[in-house]
Amino acid sequence: MFAVGATVAAASDGDGGGSGASGTSSRAPGRYSPDAGFARDMAVHHQQAVEMSFVVRDRTGDEAVRSLAYDIANTQANQRGMLLGWLDLWGLPKVIADEPPMSWMAASDDGAGGAGGHHGHEMGAAKPGALMPGMATKEELAALGAAEGRDAEVLYLQLMTDHHKGGVAMARGCARQCATPAERALAQGMVEAQQSELTLMADMLKQRGAAPRG
(Lines give C-alpha, C1' and ligand atoms only; values in the text may rest on other atoms or scores of the structure.)
Protein backbone atom coordinates (compact mmCIF):
# COMPACT_ATOMS: atom_id res chain seq x y z
CA MET A 1 0.00 0.00 0.00
CA PHE A 2 2.89 2.36 0.75
CA ALA A 3 4.36 1.74 -2.71
CA VAL A 4 1.01 2.44 -4.38
CA GLY A 5 0.60 5.63 -2.36
CA ALA A 6 4.09 6.77 -3.23
CA THR A 7 3.49 6.20 -6.94
CA VAL A 8 0.18 8.03 -6.84
CA ALA A 9 1.84 10.93 -5.03
CA ALA A 10 4.62 10.99 -7.62
CA ALA A 11 2.04 11.51 -10.34
CA SER A 12 1.06 14.83 -8.80
CA ASP A 13 4.62 16.07 -9.25
CA GLY A 14 4.87 15.09 -12.92
CA ASP A 15 4.87 17.63 -15.73
CA GLY A 16 1.25 17.03 -16.66
CA GLY A 17 1.40 20.06 -18.91
CA GLY A 18 -2.30 20.80 -18.77
CA SER A 19 -4.61 23.33 -17.24
CA GLY A 20 -5.22 22.50 -13.61
CA ALA A 21 -8.37 21.02 -12.20
CA SER A 22 -9.94 22.80 -9.28
CA GLY A 23 -8.23 22.00 -6.01
CA THR A 24 -5.33 20.12 -7.60
CA SER A 25 -1.88 20.92 -8.90
CA SER A 26 -1.78 23.47 -11.71
CA ARG A 27 0.02 20.79 -13.72
CA ALA A 28 -2.77 18.23 -13.38
CA PRO A 29 -3.84 16.63 -16.67
CA GLY A 30 -7.02 17.86 -18.32
CA ARG A 31 -10.36 16.09 -18.29
CA TYR A 32 -9.98 14.65 -21.80
CA SER A 33 -6.20 14.28 -21.82
CA PRO A 34 -4.50 10.98 -22.73
CA ASP A 35 -3.42 10.73 -19.08
CA ALA A 36 -7.00 10.83 -17.81
CA GLY A 37 -8.47 8.80 -20.67
CA PHE A 38 -5.94 6.02 -20.22
CA ALA A 39 -6.53 5.93 -16.47
CA ARG A 40 -10.30 5.63 -16.96
CA ASP A 41 -10.17 3.05 -19.75
CA MET A 42 -7.42 0.89 -18.30
CA ALA A 43 -9.16 0.79 -14.92
CA VAL A 44 -12.20 -0.74 -16.66
CA HIS A 45 -10.01 -3.06 -18.75
CA HIS A 46 -8.12 -4.26 -15.68
CA GLN A 47 -11.30 -4.88 -13.71
CA GLN A 48 -12.46 -7.47 -16.23
CA ALA A 49 -9.09 -9.24 -16.08
CA VAL A 50 -9.40 -9.42 -12.29
CA GLU A 51 -12.92 -10.83 -12.55
CA MET A 52 -11.93 -13.48 -15.11
CA SER A 53 -8.99 -14.52 -12.96
CA PHE A 54 -11.19 -15.03 -9.92
CA VAL A 55 -13.64 -17.06 -12.02
CA VAL A 56 -11.02 -19.49 -13.34
CA ARG A 57 -9.50 -19.90 -9.90
CA ASP A 58 -12.74 -21.60 -8.87
CA ARG A 59 -13.13 -23.62 -12.08
CA THR A 60 -9.86 -25.56 -12.07
CA GLY A 61 -7.45 -27.19 -9.66
CA ASP A 62 -4.47 -26.75 -12.00
CA GLU A 63 -1.80 -24.97 -9.96
CA ALA A 64 -0.07 -23.35 -12.94
CA VAL A 65 -3.26 -21.69 -14.15
CA ARG A 66 -4.35 -20.76 -10.63
CA SER A 67 -0.94 -19.20 -9.95
CA LEU A 68 -1.04 -17.19 -13.18
CA ALA A 69 -4.60 -16.06 -12.42
CA TYR A 70 -3.58 -14.98 -8.92
CA ASP A 71 -0.62 -12.98 -10.25
CA ILE A 72 -2.75 -11.26 -12.89
CA ALA A 73 -5.55 -10.46 -10.44
CA ASN A 74 -3.16 -9.12 -7.81
CA THR A 75 -1.08 -7.05 -10.23
CA GLN A 76 -3.99 -5.57 -12.15
CA ALA A 77 -6.03 -4.82 -9.03
CA ASN A 78 -3.07 -2.86 -7.63
CA GLN A 79 -2.52 -1.02 -10.91
CA ARG A 80 -6.22 -0.23 -11.12
CA GLY A 81 -6.01 1.33 -7.67
CA MET A 82 -3.14 3.52 -8.82
CA LEU A 83 -5.01 4.68 -11.91
CA LEU A 84 -8.15 5.55 -9.95
CA GLY A 85 -6.01 7.21 -7.30
CA TRP A 86 -4.46 9.49 -9.91
CA LEU A 87 -7.91 10.51 -11.14
CA ASP A 88 -8.86 11.40 -7.57
CA LEU A 89 -5.60 13.30 -7.14
CA TRP A 90 -6.22 15.25 -10.33
CA GLY A 91 -9.82 16.03 -9.36
CA LEU A 92 -11.15 14.25 -12.47
CA PRO A 93 -14.16 11.97 -12.89
CA LYS A 94 -13.70 8.21 -13.13
CA VAL A 95 -16.51 7.96 -15.70
CA ILE A 96 -17.54 10.40 -18.43
CA ALA A 97 -20.81 9.45 -20.10
CA ASP A 98 -20.11 11.21 -23.40
CA GLU A 99 -16.52 9.99 -23.79
CA PRO A 100 -16.26 6.99 -26.18
CA PRO A 101 -13.78 4.34 -25.02
CA MET A 102 -10.29 4.82 -26.46
CA SER A 103 -11.03 8.31 -27.81
CA TRP A 104 -7.91 9.60 -26.03
CA MET A 105 -5.70 7.51 -28.33
CA ALA A 106 -6.75 9.55 -31.35
CA ALA A 107 -7.00 12.89 -29.56
CA SER A 108 -5.15 15.85 -30.94
CA ASP A 109 -3.35 18.35 -28.75
CA ASP A 110 -6.10 20.60 -27.52
CA GLY A 111 -4.23 22.18 -24.62
CA ALA A 112 -5.98 19.89 -22.14
CA GLY A 113 -2.88 18.20 -20.90
CA GLY A 114 -2.11 15.61 -23.58
CA ALA A 115 0.53 15.26 -26.25
CA GLY A 116 -2.05 14.05 -28.74
CA GLY A 117 -1.44 11.58 -31.54
CA HIS A 118 -2.99 9.41 -34.18
CA HIS A 119 -2.36 5.90 -32.92
CA GLY A 120 -5.92 4.76 -32.41
CA HIS A 121 -5.79 2.59 -35.53
CA GLU A 122 -3.32 0.28 -33.77
CA MET A 123 -6.03 -0.92 -31.43
CA GLY A 124 -8.26 -2.55 -34.00
CA ALA A 125 -12.00 -2.74 -33.43
CA ALA A 126 -13.65 -4.18 -30.35
CA LYS A 127 -15.58 -7.36 -31.06
CA PRO A 128 -19.39 -7.03 -31.04
CA GLY A 129 -20.59 -6.92 -27.46
CA ALA A 130 -17.19 -5.93 -26.01
CA LEU A 131 -16.55 -2.47 -24.59
CA MET A 132 -12.93 -2.19 -25.75
CA PRO A 133 -10.48 -4.18 -27.89
CA GLY A 134 -9.37 -7.33 -26.10
CA MET A 135 -12.25 -7.38 -23.66
CA ALA A 136 -14.50 -10.43 -23.38
CA THR A 137 -18.22 -10.30 -24.12
CA LYS A 138 -20.92 -11.23 -21.63
CA GLU A 139 -21.41 -14.49 -23.51
CA GLU A 140 -17.71 -15.34 -23.24
CA LEU A 141 -17.71 -14.55 -19.52
CA ALA A 142 -20.75 -16.78 -19.06
CA ALA A 143 -19.00 -19.58 -20.96
CA LEU A 144 -15.95 -19.24 -18.72
CA GLY A 145 -18.13 -19.41 -15.64
CA ALA A 146 -19.78 -22.59 -16.90
CA ALA A 147 -16.58 -24.39 -17.96
CA GLU A 148 -14.54 -26.70 -15.76
CA GLY A 149 -11.09 -28.24 -15.70
CA ARG A 150 -9.12 -28.16 -18.95
CA ASP A 151 -11.95 -26.42 -20.82
CA ALA A 152 -11.91 -23.58 -18.28
CA GLU A 153 -8.12 -23.37 -18.42
CA VAL A 154 -8.02 -23.15 -22.22
CA LEU A 155 -10.84 -20.60 -22.46
CA TYR A 156 -9.30 -18.44 -19.73
CA LEU A 157 -5.89 -18.49 -21.42
CA GLN A 158 -7.45 -17.61 -24.78
CA LEU A 159 -9.59 -14.82 -23.35
CA MET A 160 -6.69 -13.43 -21.32
CA THR A 161 -4.42 -13.57 -24.36
CA ASP A 162 -6.89 -11.40 -26.28
CA HIS A 163 -7.25 -9.18 -23.21
CA HIS A 164 -3.49 -8.68 -22.88
CA LYS A 165 -3.11 -7.85 -26.56
CA GLY A 166 -5.67 -5.06 -26.19
CA GLY A 167 -4.05 -3.92 -22.96
CA VAL A 168 -0.58 -3.78 -24.50
CA ALA A 169 -1.83 -1.58 -27.35
CA MET A 170 -3.51 0.76 -24.85
CA ALA A 171 -0.41 0.92 -22.65
CA ARG A 172 1.81 1.67 -25.63
CA GLY A 173 -0.51 4.55 -26.46
CA CYS A 174 -0.08 6.03 -23.00
CA ALA A 175 3.68 5.45 -23.03
CA ARG A 176 3.77 7.65 -26.15
CA GLN A 177 1.07 10.20 -25.36
CA CYS A 178 0.68 10.59 -21.60
CA ALA A 179 2.41 13.63 -20.12
CA THR A 180 2.72 12.39 -16.52
CA PRO A 181 6.10 10.62 -16.06
CA ALA A 182 4.86 8.19 -13.40
CA GLU A 183 1.93 7.16 -15.58
CA ARG A 184 4.14 6.70 -18.64
CA ALA A 185 6.45 4.52 -16.56
CA LEU A 186 3.52 2.43 -15.32
CA ALA A 187 2.24 2.02 -18.88
CA GLN A 188 5.64 0.89 -20.15
CA GLY A 189 5.84 -1.58 -17.28
CA MET A 190 2.44 -2.96 -18.32
CA VAL A 191 3.68 -3.46 -21.87
CA GLU A 192 6.72 -5.43 -20.75
CA ALA A 193 4.93 -7.55 -18.14
CA GLN A 194 1.96 -8.41 -20.34
CA GLN A 195 4.17 -9.30 -23.30
CA SER A 196 6.01 -11.73 -21.04
CA GLU A 197 2.70 -13.21 -19.89
CA LEU A 198 1.55 -13.54 -23.51
CA THR A 199 4.55 -15.77 -24.19
CA LEU A 200 3.84 -17.79 -21.06
CA MET A 201 0.16 -18.22 -21.95
CA ALA A 202 1.01 -19.36 -25.48
CA ASP A 203 3.20 -22.07 -23.97
CA MET A 204 0.49 -23.06 -21.50
CA LEU A 205 -2.06 -23.34 -24.30
CA LYS A 206 0.33 -25.50 -26.32
CA GLN A 207 0.74 -27.79 -23.32
CA ARG A 208 -3.02 -28.26 -23.34
CA GLY A 209 -3.24 -28.97 -27.06
CA ALA A 210 -4.70 -25.55 -27.84
CA ALA A 211 -3.61 -22.20 -29.27
CA PRO A 212 -4.52 -18.51 -29.02
CA ARG A 213 -7.62 -17.55 -30.99
CA GLY A 214 -7.33 -15.71 -34.26
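Every heavy atom of this structure was used, including side-chain atoms; hydrogens, water molecules and symmetry mates were not.
At a threshold of 4.5 Å between non-hydrogen side-chain atoms, the residues E192 and Q188 count as touching. T180 is not listed as a side-chain neighbour of F38, based on a closest heavy-atom distance of 4.5 Å or more. At least one side-chain heavy atom of M135 sits under 4.5 Å from a side-chain heavy atom of V44.
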Margin query: Walk me through whether M52 and Y156 qualify under side chain to side chain contact (heavy atoms under 4.5 Å, CB included).
Written below: CA-CA 7 Å; M52 289 195 296; Y156 171 76; 4.2 Å; yes
Margin query: Show, in sequence, the C-alpha distance, side-chain angles and deciding distance for L83 and E183, and conclude whether the side chain to side chain contact (heavy atoms under 4.5 Å, CB included) test is met.
Written below: CA-CA 8 Å; L83 296 166; E183 192 175 16; 4.2 Å; yes
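Formation of a donor-acceptor pair under 3.5 Å by the R66 side chain with backbone atoms of R57 is found in this model. Using modelled atom types, no side-chain atom of E197 and backbone atom of L68 make a donor-acceptor pair closer than 3.5 Å. In terms of modelled atom types and a separation under 3.5 Å, the side chain of D35 and the main chain of P29 share no donor-acceptor contact. For T75 (side chain) and D71 (main-chain N/O), a donor-acceptor pair under 3.5 Å exists by modelled atom type. For the pair H46 (side chain) and N78 (backbone), a donor-acceptor distance under 3.5 Å is absent. Using a distance-only test at 3.5 Å, with no hydrogens or angles considered, no donor-acceptor pair links the side chain of D41 to the main chain of P101. Of the possible polar contacts, one joining the R150 side chain to the R208 backbone as a donor-acceptor pair under 3.5 Å is found.
Taking each heavy atom of R184 and C178 in turn, the nearest pair found is CD-O, 3.0 Å.
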Could you give the side-chain donor-acceptor pairs of residues 141-149 under 3.5 Å, partners two or more places apart or in another chain?
{"from": "E148", "atom 1": "OE2", "to": "R59", "atom 2": "NH2", "distance (Å)": "3.4"}

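Residues satisfying the side chain to side chain contact (heavy atoms under 4.5 Å, CB included) test with Q195, not counting sequence neighbours, are V168, R172, V191.
With a 4.5 Å cut-off between side-chain heavy atoms of Ile, Leu, Val, Met, Phe, Trp and Tyr, the cluster of V50 takes in F54.
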